[in-house]
Structures are given as structure tokens and as C-alpha cells.
Protein chains: 2
Amino acid sequence: MLKHSKQRDAIEQFLATRYDHPTAETVYMNLREEYPKLSLATVYRNLSLLAELGNIQKIPTGNGPDRFDGRPEPHNHFLCDECGSMIDLQMNSIDHVDEIAAQTFDGVIKGHSILFYGICLECLKKEKEQK
Amino acid sequence: MLKHSKQRDAIEQFLATRYDHPTAETVYMNLREEYPKLSLATVYRNLSLLAELGNIQKIPTGNGPDRFDGRPEPHNHFLCDECGSMIDLQMNSIDHVDEIAAQTFDGVIKGHSILFYGICLECLKKEKEQK
DNA sequence: CTTATTGCAAAAGGTTTGCAACCGA
DNA sequence: TCGGTTGCAAACCTTTTGCAATAAG
């Protein structure tokens, strides 16, 4: 059970080419060119499925739509308050937070997600230019 | 500008008595008893305002409604995959993650939010009992 | 008296779902 | 053929918004 689907392949492949953590809508818009009949529902369904399978990551932002990351390996993210851009932060040394958490908690910690927020380089530059 | 409001006080007060990170809906349901004419919109408006003022914390979960925490001091949270309960995790030693992140990132990091996920103690017990 | 706040209802935004048609194994 | 997958539209859930009425300072 779980048949092949061109749409699913295309979605996974598209995410593999993007480093900006697109939304479902963005995936949809881009793939429409190649698959004019593609439906947004199909995009959502496959993004959820791919995330469950562990092939991609779904990253909730707290405001605005979820973002999707073609790289399934654990890593952290930075979200710019101002322009909404999301950036990968590779921080190997940070996995120990699960251990620290485990010391104060008796349940099972499967993992964590850290979302850093602030102002990205581009927005900083723009602010300086305006002065 | 910023007048006093009984509703806002009640919402902040209610949160101060709860350690289970209620949703806006839960706040609403509970305060209806004392304020029968209270509107859900008022609850949302005040929760947002209180969070902006830094009096409470708003915690997005990624699935389901946002949760609210009457304790504004920085701390982390654990969300149970199975029953949806949310627990505070006090981990003073964890603030250095911002520093670590700053080493790999040129923008401004204002803060972070860590959401741990897994299975809580209660759900673990239930699972064991079923076997 | 002025204006922040409220309640109500309607709208918005993002995501999910029902269903018949379609496609892959 | 069987059943997973699609497209479409409608439904859903959470949150926000417009507006006239109310209440705080």
C-alpha cells in the first residue's frame, strides 16, 4: 500500500531544490507550471505524508502558514520577524538539550524543535540604508 | 492610552491560576461563568495584547490552537504527542543556545522557542496498563 | 467628552475532507 | 481489478476584523 505518484515525486523533488522553506501555497504555485491540473489539496496531502514518512520537515511558525523543508536531518531554524524569511541553522552541539530536558522530565522526549527569531541580515542592511 | 478592563484582568488572573497552558477557547469557557456576556473575540484580543505586553506567553503548537501561559519568564515546553497536554520545563542552563546560534548567523537573534515533544508520564502509564 | 474596549456577527486564512474519477501495480 | 491518489468544491477550525454600543479616565 502506497503507490507511486508523479505529483508526490514532483513535490519532494521541488523541495529538494529550495533552501527557503516554502509554504504549501508556494509549492503549489511553482508546480502548477508543470502540472496545470495540480490541486492545492494534493499538495497538502503529500506534504503531510512526506513529513510523516520523515522525508521532509514541516515547520510551524506560529503566525502564517507552515513552512516545509526538504532536508529531513535534524537542524534548527531562524525566522525573520520582518520579512518572514526562514534560514537553516546547523548546530550540531545543540542536541544535548534533549538530555538536559530529560533531567527535569519523566516522560519520553522524542525530539525538539527550536525556532530562533529576530532580524535577518538583509533586513538589517535595509534598516541601515534608510538611516 | 490603555484603559482598564475587567475582562482583561479576569483573563490574566485566570491564566495565573492554571498550569496546563489553556487555549483561548478554554479561557473563554471558564470565564463565561463569571462574565456571561463575554465574547471569544475579546478573549483573543486580550490574550494577544497581554502577550505583546509581555505579561503572558503565547505558545503555538503546530497542530491545533495556540496555548497560553500565565508565566512570562522564559522557559521551555513539552507537548505530549498523544494527549496534547503541555508541561513547563525549567532549564536555566539552556539560554546559551542563542549564543551558539549567533556563531553561525550574522543577523540579530532576539530569542528562541523550544518545544519538546514526546509522550508524557500519564500516557506512558496508560500504555503500560494496557499491556 | 473622548477614545479604548466590548459583543456580535461576519470574514479571513490555512488546512482538511467527501466524493467521483483516475491511475498504478 | 483493487485500492491508493487526484481534482474539485465544500467544510472546517482557529483567529481576526468591522461596526455600533458601552465603559473608563
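Note on naming: letters A, B, ... go to the chains in the order of the sequence lines (proteins, then strands), and numbering restarts at 1 for each one.
- The closest side-chain heavy-atom distance from A:Asn76 to B:His112 is not below 4.5 Å.
- The interatomic distance linking B:Tyr35 (OH) with D:dT22 (C1') rounds to 16 Å, in whole Å.
- Regarding A:Asp66, its CG atom lies at a distance of 14 Å from the P atom of D:dT14, rounded to whole Å.
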Every protein N/O lying under 3.5 Å from an N/O of nucleotides 9-11 of chain C:
none

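- Both B:Val27 and B:Met29 are assigned to one and the same hydrophobic cluster, defined by single-linkage of ILVMFWY side chains at heavy-atom distances under 4.5 Å.
- Residues A:His77 and A:Ile114 form no side-chain contact, since every pair of their non-hydrogen atoms from C-beta on lies 4.5 Å or further apart.
- If you find the closest nucleotide of DNA chain D to A:Tyr28 and to B:Glu25, the one lying nearer the 5' end belongs to A:Tyr28.
- Counting heavy atoms from C-beta on, the side chains of B:Leu115 and B:Met86 come closer than 4.5 Å.
- B:Tyr117 and B:Phe78 have their aromatic ring centers separated by at least 6.0 angstrom.
- Following rounding to the nearest Å, B:Leu49 (CG) and C:dA4 (P) show an atom-to-atom distance of 12 Å.
- For the pair A:Lys37 NZ and D:dC8 P, the interatomic distance rounds to 8 Å; values are reported in whole Å.
- Rounded to whole Å, atom P of D:dT5 lies 8 Å from atom CG of A:Asn46.
- Counting to the nearest Å, the P atom of D:dG7 and the CG atom of A:Leu31 are 11 Å from each other.
- The environment of OH in A:Tyr35 is crowded: more than 12 heavy-atom neighbours from other residues, nucleotides or ligands sit within 6.0 Å.
- Here C:dG14 presents its C1' atom at 13 Å from CG of A:Leu47, a figure rounded to the nearest Å.
- Shown for residues 1-15 of chain A: residues whose heavy atoms fall under 4.0 angstrom of DNA chain D, namely A:Met1, A:Leu2, A:Lys3, A:Ser5, A:Gln7, A:Arg8.
- A:Gly107 and B:Leu124 get closest at one heavy-atom pair: CA-CD1, 4.0 Å.
- Atom CD1 in B:Ile59 sits roughly 13 Å away from atom P in D:dT15 (whole-Å rounding).
- Checked against a 6.0 Å centroid threshold, the rings of A:His96 and B:His96 count as neighbours.
- A:Val97 and A:Ile109 fall within the same hydrophobic cluster, where Ile, Leu, Val, Met, Phe, Trp and Tyr residues are linked whenever their side-chain heavy atoms come under 4.5 Å apart, directly or through other members.
- At the phosphate of C:dT15, neither OP1 nor OP2 sits under 4.0 Å from any side-chain N or O atom of B:Asn63.
- For A:Tyr44, a side-chain nitrogen or oxygen approaches OP1 or OP2 of C:dT15 to under 4.0 Å.
- Looking at A:Arg45, its side chain comes within 3.5 Å of the base of D:dG7 through a donor and an acceptor atom.
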